[in-house]
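Sequence lines set the chain letters: A, B, ... in the order given, protein chains first and strands last, and positions in each chain run from 1. For the numbers below, each heavy atom of this structure counts, side chains included, while hydrogens, waters and symmetry mates do not.
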Amino acid sequence: MSLRVVFMGTPDYGVPSLEALIEAGYHVVGVFCQPDKPSGRGKKIVPCPVKQCALSHGIDVFQPVKTRVDGVEPLRALAPDLCVTAAFGHILSQEVLDIPRMGTVNVHASLLPQYRGSAPVNWALINGERVTGVTTMMTDRGMDTGDILMQREVEVLPGDNAGMLVDKLARVGAELLIETIRALEAGNCPRRKQDEGQASYFPLLKKEMGVMDFGKTAKALCDFTRGMNPWPGAYAGAYKVLEAEAEPWAGDEAPGTVLRADAKQGLWVRAGEGALNILRMQAAGGKPMSARDYLRGHQMEVGALIAPEKTDAE
RNA sequence: CGCGGGGUAGAGCAGUUCGGUAGCUCGUCGGGCUCAUAACCCGGAGGUCGAGGGUUCAAGUCCCUCCCCCGCAA
């Protein structure tokens, strides 16, 4: 007899796990996600990806404002054997955690205990990690502090940005989730406490954190660009930098100086060490395009600063 | 009705205010120069100006309708 499972998640990251549960034959008796909010151009209300997925499978959707308050009764009524969370965005109370007989399993996109927090993939990229991964863990009341069940490493490819890596980790996480649940059912799932000495926590990203600091090395700026895309984006003044490479450069220009800006050579900007070769970018109001395409139709002065003045943040 | 920018040659843009020969940078094709080149010189091809309707002697440009794209915001 298949387990009664309640899935909790909101963005794209959770969808593969939800689909995997359904495909594996578990009885997904309900899906929790955050309330719909007006979003997109024109303030339309668009259901979050997890909700869309749930509805397309005919699963009941619950959208409590605070799960630990108005989510308790609906959850209890579903009488789940197991809860699964993946980027749900709500902190669960002990009362909620006590409802499912087998507990609550979280699919986290990092190799815990490193990169606890809401934006593990972004931070792993920003910090230049070459390997990251996913972890299934027993959710407890802390922020990603529960016991580790299973982990799987994923190599970070040089071309990965946060969006691509999240997709990849979501798929790996979905596989690992099923493996984990099977082991839990069989009673032979590994389980170990997190080593607090090795733990690290990184905060949620905010829009204003996307401002590029050209005093950093070209490599760091390159990693930053990867980690901040597609959201919140890495900004150099009026330009959003989508993709860049680090290049060697010897010269005494000030960080942020435009070194090259033409359709043949591309757009190079002085970094604290080396130069940042901006490959893809997007001007305000414009479409994303390669820097070379942009320069065919726009003038940029070599020798000037790419971000001449602080864009009035906020 | 949340605010705003945009659709013109294969790519990126100007031209629209004030209607009157379709322009720039790059690519592409041909030729030349060069030890050589992503360099330079000469020449050519390539555009239903997002769609439809209207005004006009004349519409990329003015009026109306529609489609699509993007930034902010979330």
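- Atom pair A/W268:CH2 and B/A38:C1' shows a separation of 13 Å (rounding to whole Å applied).
- For A/K287 and B/G4, the NZ to P distance is 21 Å, given to the nearest whole Å.
- Between the OH atom of A/Y294 and the P atom of B/G12 there is a distance of 13 Å, given to the nearest Å.
- Pairing partner, B/C24: B/G12, with both Watson-Crick or wobble hydrogen-bond distances short of 3.5 Å.
- Taking atom P in both B/C49 and B/A9, the straight-line distance is 10 Å, to the nearest Å.
- Annotation: B/A51 and B/G7 have their C1' atoms spaced 11 Å apart (nearest Å).
- Nucleotide B/U34 forms a pair with no other nucleotide shown, judged by Watson-Crick or G-U wobble geometry with both contacts under 3.5 Å.
- A distance of about 16 Å separates the C1' atoms of B/A45 and B/C26, rounded to the whole Å.
- For the side chain to side chain donor-acceptor pair (under 3.5 Å) test, residues two or more places apart in sequence or in another chain that qualify with A/N106 are A/T85.
- A/R130 meets the side chain to side chain donor-acceptor pair (under 3.5 Å) test with no other residue; sequence neighbours excluded.
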Taking only distance into account, with no hydrogens and no angle test, what donor-acceptor pairs under 3.5 Å do side-chain atoms of residues 164-171 of chain A form with protein atoms, sequence neighbours excluded?
| from | atom 1 | to | atom 2 | distance (Å) |
| --- | --- | --- | --- | --- |
| A/K168 | NZ | A/D160 | OD1 | 3.4 |
| A/K168 | NZ | A/D160 | OD2 | 3.1 |

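- Taking atom C1' on both B/A59 and B/G54, the two are 11 Å apart, rounded to the nearest angstrom.
- Under the Watson-Crick or G-U wobble criterion, with both distances below 3.5 Å, B/G43 is paired with B/C29.
- By the salt bridge (charged side-chain N to carboxylate O under 4.0 Å, His left out) test, A/K287 is found to be paired with no residue, residues two or more places apart in sequence or in another chain being considered.
- Across the P atoms, B/C33 and B/G60 are found 43 Å apart, a figure rounded to whole Å.
- If you check B/C3 for Watson-Crick or wobble pairing at under 3.5 angstrom, you find it paired to B/G71.
- The salt bridge (charged side-chain N to carboxylate O under 4.0 Å, His left out) check on A/E175 picks up A/R152, with sequence neighbours excluded.
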Which pairs would a plain distance check flag for residues 57-70 of chain A, meaning a side-chain donor or acceptor within less than 3.5 Å of a matching protein atom at least two apart in sequence or in another chain?
| from | atom 1 | to | atom 2 | distance (Å) |
| --- | --- | --- | --- | --- |
| A/H57 | ND1 | A/C53 | O | 3.0 |
| A/Q63 | OE1 | A/K51 | NZ | 3.0 |
| A/Q63 | NE2 | A/Q34 | O | 3.0 |
| A/Q63 | NE2 | A/D36 | OD1 | 2.8 |
| A/T67 | OG1 | A/H90 | ND1 | 2.8 |
| A/D70 | OD1 | A/V65 | N | 3.4 |
| A/D70 | OD1 | A/K66 | N | 3.0 |
| A/D70 | OD2 | A/V65 | N | 2.9 |

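- Rounded to a whole angstrom, the distance from the P atom of B/G4 to that of B/U8 is 23 Å.
- Residue A/A261 comes nearest to A/L295 through the heavy atom pair C-CD1, 3.7 Å, listed as atom of the first residue, atom of the second, then distance.
- Between B/C63 and B/G19, the distance separating the two C1' atoms is 13 Å to the nearest Å.
- Residues forming a salt bridge (charged side-chain N to carboxylate O under 4.0 Å, His left out) with A/R280 (at least two apart in sequence, or on another chain): none.
- Straight-line distance from the CE atom of A/M281 to the C1' atom of B/C13: 14 Å, rounded to whole Å.
- Judged purely by distance below 3.5 Å, without hydrogens or angles, the side chains of A/Q194 and A/R116 pair a donor atom with an acceptor atom.
- Nucleotide B/G12 holds its C1' atom 13 Å from the CZ atom of A/R280, rounded to whole Å.
- Using the Watson-Crick or G-U wobble rule with both distances under 3.5 Å, B/C62 pairs with B/G54.
- Contact check, A/Q265 against B/A38: no side-chain N or O comes under 4.0 Å of OP1 or OP2.
- Taking the C1' atom of each, B/U37 and B/C70 are spaced 39 Å apart, rounded to whole Å.
- Residues A/T139 and A/T104 have side chains that never bring a donor and an acceptor to within less than 3.5 angstrom of each other.
- Rounded to whole Å, the distance from CG on A/D293 to C1' on B/A14 is 17 Å.
- Under the 3.5 Å distance criterion, with hydrogens and angles disregarded, no donor-acceptor pair is assigned to the side chains of A/Q282 and A/Y294.
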Each nucleotide N or O in nucleotides 72-74 of chain B that has a protein N or O under 3.5 Å away: list the pair and distance.
| from | atom 1 | to | atom 2 | distance (Å) |
| --- | --- | --- | --- | --- |
| B/C72 | OP1 | A/K207 | NZ | 2.9 |
| B/C72 | OP1 | A/Y235 | OH | 2.9 |
| B/A73 | N1 | A/G40 | N | 3.2 |
| B/A74 | O2' | A/P38 | O | 3.1 |

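- With both pairing distances under 3.5 Å, B/U17 is matched to nothing as a Watson-Crick or G-U wobble pair.
- Between the CG atom of A/D262 and the C1' atom of B/C13 there is a distance of 16 Å, given to the nearest Å.
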Quick tally for nucleotides 22-29 of chain B: nucleotides whose base has a protein heavy atom under 4.0 Å get B, sugar-phosphate-only ones S, the rest -, giving ---BBS--
